[in-house]
Amino acid sequence: MRRLAAVAIAAVTTAGVLSGCGGEENWAKKCATTSLVVECAPADRPLVTDVTGELLGGGTYDLANDRGKVVVVNFWGSWCAPCRAEADDLENTYQATKDSGVTFVGVNTRDTKDAAKAFEKAYRVTYDSIFDVQSEVGVKFDVTQNAIPNTLVLDRQGRIAAAIRKSTTEGELKPLVEKIAAEATG
């Protein structure tokens, strides 16, 4: 029953994100939106805090440890065809930007550990992923987050600078990540 309620909430939330609806708490309403890509000016970026989770490969992830880096967060599931389509583009962008103070973390949801690990192996994903079977960690990043796939780019202060509410490509993601990584800190 709880899982059914979570799916229903996810569907309603996703519909709100995709249609541009939402209450005053919807930070994306203040940002520039083209198609399903949202970019926020520094003054309009919401801060993300208190995100921790169990990693698929063991250990735990704490977003606070990545403060000072640009963090690309990709929400995915092994059952998701668009997630499979974007896996190489995400990995290529990670490899191209990691020496610029950029890190990636996946958030795997609604999956089994075995299926998620098989996905990472098959698509040669080298960055860590949080195992978030109930989408509890995902909503800590962004209360409007429930569409899969979905990618957030956090600036060096831990604020959401951009959101891609669909499958992405290296041609779309890499310039966005590089732009945010090149911003002055402070």
Side-chain angles (χ1 to χ4, degrees), residues 1-15 17-18 36-37 48 50-66 69-154 160 162-177:
M1 185 68 169
R2 187 164 69 160
R3 187 169 180 100
L4 181 58
V7 170
I9 290 168
V12 170
T13 303
T14 299
V17 168
L18 296 178
L36 294 175
V37 179
V48 178
D50 301 322
V51 175
T52 60
E54 174 191 352
L55 293 171
L56 277 171
T60 57
Y61 176 81
D62 187 340
L63 180 63
N65 294 334
D66 283 333
K69 297 178 185 177
V70 171
V71 181
V72 178
V73 184
N74 178 256
F75 300 89
W76 65 278
S78 66
W79 43 266
C80 164
C83 299
R84 292 188 292 272
E86 72 177 1
D88 286 340
D89 293 287
L90 288 160
E91 181 64 28
N92 291 342
T93 302
Y94 169 62
Q95 294 298 329
T97 61
K98 68 181 181 179
D99 292 335
S100 309
V102 175
T103 192
F104 277 51
V105 64
V107 179
N108 171 261
T109 188
R110 294 175 262 161
D111 236 333
T112 66
K113 275 191 179 179
D114 288 343
K117 287 179 179 181
F119 177 99
E120 287 187 327
K121 184 176 180 181
Y123 291 96
R124 296 187 278 289
V125 176
T126 62
Y127 52 87
D128 288 328
S129 283
I130 297 169
F131 183 62
D132 186 25
V133 71
Q134 296 293 331
S135 299
E136 294 165 352
V137 174
V139 296
K140 291 179 181 179
F141 279 101
D142 174 5
V143 295
T144 65
Q145 187 293 117
N146 272 309
I148 304 293
N150 184 359
T151 303
L152 300 176
V153 184
L154 308 182
I160 300 173
I164 301 171
R165 305 291 197 200
K166 62 182 180 71
S167 180
T168 191
T169 64
E170 183 177 359
E172 178 179 57
L173 180 60
K174 185 179 169 203
L176 189 58
V177 170

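The analysis underlying the following values was restricted to heavy atoms, covering all of them including side chains, and did not include hydrogens, waters or symmetry mates.
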How far does OG1 of Thr97 sit from CG of Leu173, to the nearest 0.5 angstrom? 7.5 Å
Results of side-chain contact (heavy atoms from CB on, under 4.5 Å) for Ser100 - residues two or more places apart only: Val102
Judged by atom type as modelled, is there a donor-acceptor pair below 3.5 Å linking the side chain of Asn150 to the main-chain atoms of Phe75? no
Beyond-backbone contact of Leu63 with Leu154, side-chain heavy atoms, under 4.5 angstrom: yes
Tell me whether Asp132 contacts the main-chain N or O of Val137 through its side chain, where contact means a donor paired with an acceptor under 3.5 Å. yes
Side chains of Thr109 and Val133, heavy atoms from C-beta outward: is any pair under 4.5 Å? no
Pair listing, salt bridge (Lys or Arg N to Asp or Glu O under 4.0 Å) test, anchored in residues 72-88, at least two apart: none
Salt bridge (Lys or Arg N to Asp or Glu O under 4.0 Å) contacts touching residues 94-104 (sequence neighbours left out): none
Compare all side-chain heavy atoms of Val107 with those of Phe141 and state whether any distance is below 4.5 angstrom. yes
Pairwise distance OG(Ser135) to CD1(Ile148) - rounded to 0.5 angstrom: 6.0 Å
If every non-hydrogen atom of Pro82 is compared with every non-hydrogen atom of Ser167, which pair is closest and at what distance? O-OG, 3.2 Å
Find the distance between OH (Tyr94) and CZ (Phe104) and round it off to the nearest 0.5 Å. 8.5 Å
Which residues pass the salt bridge (Lys or Arg N to Asp or Glu O under 4.0 Å) test with Lys117, not counting sequence neighbours? none
Name all pairs fulfilling the salt bridge (Lys or Arg N to Asp or Glu O under 4.0 Å) condition that reach into residues 51-63, sequence neighbours left out, sorted by first residue then second. Glu54-Lys113
Minimum-distance pair of heavy atoms, taken over all atoms of Gly53 and Ile130: CA-CG2, 3.9 Å
Has Trp79 got a side-chain atom pairing as donor or acceptor with Arg110's backbone, closer than 3.5 angstrom? yes
For the backbone of Ala115 and the side chain of Thr112, can you confirm whether one donor and one acceptor N or O come within less than 3.5 Å of each other? yes
Calculate, to the nearest 0.5 Å, the distance between atoms CG and NZ belonging to Leu90 and Lys174 respectively. 13.5 Å
Using a 3.5 Å cut-off and no angle test, enumerate the donor-acceptor pairs between side-chain atoms of residues 118-126 and protein atoms at least two apart in sequence or in another chain.
unit_1, atom_1, unit_2, atom_2, d
Glu120, OE2, Ser129, OG, 3.1
Thr126, OG1, Glu91, OE1, 3.3
Thr126, OG1, Glu91, OE2, 2.5
Thr126, OG1, Gln95, NE2, 3.1

For residues Leu152 and Arg165, determine if any side-chain heavy atom of one lies less than 4.5 Å from a side-chain heavy atom of the other. yes
From Thr52 atom OG1 to Tyr61 atom OH, the distance as rounded to the nearest 0.5 Å: 10.5 Å
Exam field: side chain Thr151 to backbone Asn74, donor-acceptor pair closer than 3.5 Å: no
Test item: Leu176 and Ile164 side chains (from C-beta on) under 4.5 Å apart, heavy atoms: yes
Quick one, Val105 and Val71 - any side-chain contact, counting heavy atoms below 4.5 Å? yes
